[in-house]
Trainee: 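This is the structure I want to talk about, given as structure tokens.
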Amino acid sequence: MSKVTNNKIINVVFMGTPEFAIPGLKALIANSRYNVKAVYTKVDKPRGRGKKLSASPVKILAQEHNIPVYQPNSLKTEIHNIAKINPDLIVVIAYGKILPREILELPRYACINVHGSLLPLYRGSACLNAPIINGDKKTGISIMKINESMDTGPILKQFEIELNSNSNLEYVHNTLSKLSGQVLIPTLNDWIDGKLEIMYQDNDKASYVKMLKKEDGKIDWQKKAITIDRLIRGLNPWPGTFTHINNKLIKIITAQVAPNSINKNHKVGEVFLESGHLTVKCGQGNLFILKLQIEGGKIMSSSDFISGHSDIIGQILK
RNA sequence: CGCGGGAUAGAGCAGUUGGCAGCUCGCCAGGCCCAUAACCUGGAGGUCGUCGGUUCGAGUCCGACUCCCGCAA
């Protein structure tokens, strides 16, 4: 064990795909102790209208810095290539693929993952959404050593942020993403310099969140207003929450639980006006709809919507 | 060439078989009331996305283009 800080350049392979991984990759690129030798990201997929091929944010950033980009379908065929790169460290942020054991064993400072929840809570891919949907008071990021199963490895460090009744997915995503960019380098430094004690996860307290499907955003008006509001905050802007009126799709962008004082005789899912707000009766309580989006239209405030659709008052959403 | 919807007043929308450009909200001026996200009267605000075609006449029919959006990924 040496007390002298190791100033040797750390060769890094970075693996990541979406916007969430960008601050972390930027931090690595900007720091002179780390040398990003290669970037792994998911293959370009047809996205958007017209099904045009589009590159991941991580790929675009890597190319801007002339870092070699690899996009294999499976990492199993890449073991040889990564061994050739001979990284001291592999950093994984939202890559979207499982790393085979042989790769885990390659770098001497291991494979380190930044996960968007306070593990052992919310292992899995919907880790950003789950705390909001469940109404948690806090969430955060866990920087951990990857082992063979999903998000179960020992934790190097955790960083918390607070949530309140207005926190939405966009806030959690942006805040945690930015936070990961700030804390990644100090944590890696401590790890490499042997200053960290790793903490094993308590499997009894663990939970797993499945990958979100579009259908998860369908609003069930039978549920409590507060539950629906959490769902809306936890799923927007992506994958979004929606309902139907007259067989037309309406996305609910933002809402707010209405005061308890309203207690009129409406059916569940019925739309009515209350103090100028577009309001929906829920299984318990009422929900003010603040912003929505109709098929083919842009996001608009509910008051704008009412201007041209006053006939929806009294209709039932389903 | 993945499927589909749309562009009309500041905002949201309607506009039938081509025939004077409309509605709700907002805005401006005035009025009313103890009072209101209330009501009354008056007013401003449009090259109907762009270009071309058909027609005596096009928001409306035909063609091309630009932009926006839902599905799907």
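Note that this is a predicted model, so its numbers are computed, not measured.
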Trainee: Scan nucleotides 4-6 of chain B against the protein and return all N/O pairs shorter than 3.5 Å with their distances rounded to 0.1 Å.
Mentor:
unit_1, atom_1, unit_2, atom_2, d
rG5(B), N2, Gly296(A), O, 3.0

Trainee: Which of these nucleotides, rG2(B), rA73(B), rC25(B), is closest to any side-chain atom of Ser307(A)?
Mentor: rC25(B)

Trainee: Just say parallel, tilted or perpendicular for the rings of Tyr70(A) and Tyr40(A), cut-offs at 30° and 60°.
Mentor: parallel

Trainee: Calculate the interatomic distance between Phe242(A) atom CZ and rC69(B) atom C1'; express it in whole Å.
Mentor: 17 Å

Trainee: Figure out the CE/P separation between Met300(A) and rG26(B), and round it to whole Å.
Mentor: 17 Å

Trainee: Rounded to whole angstroms, how far apart are CD on Gln293(A) and C1' on rC69(B)?
Mentor: 7 Å

Trainee: Mind checking Lys298(A) for me? I need base, sugar-phosphate or nothing, with any heavy atom below 4.0 Å counting as a touch.
Mentor: sugar-phosphate

Trainee: Where does the angle between the aromatic ring planes of His309(A) and Phe305(A) fall among parallel (under 30°), tilted (30 to 60°) and perpendicular (over 60°)?
Mentor: parallel

Trainee: Have a look at His277(A) and say if it touches a base, only the backbone sugar-phosphate, or nothing, with a 4.0 Å heavy-atom cut-off.
Mentor: base

Trainee: Given rG70(B), is OP1 or OP2 found less than 4.0 Å from the side-chain N or O atoms of Lys251(A)?
Mentor: yes

Trainee: From CD1 of Ile250(A) over to P of rC69(B), roughly how many Å is that when rounded to an integer?
Mentor: 18 Å

Trainee: Whole-Å distance between rC25(B) C1' and His309(A) NE2?
Mentor: 13 Å

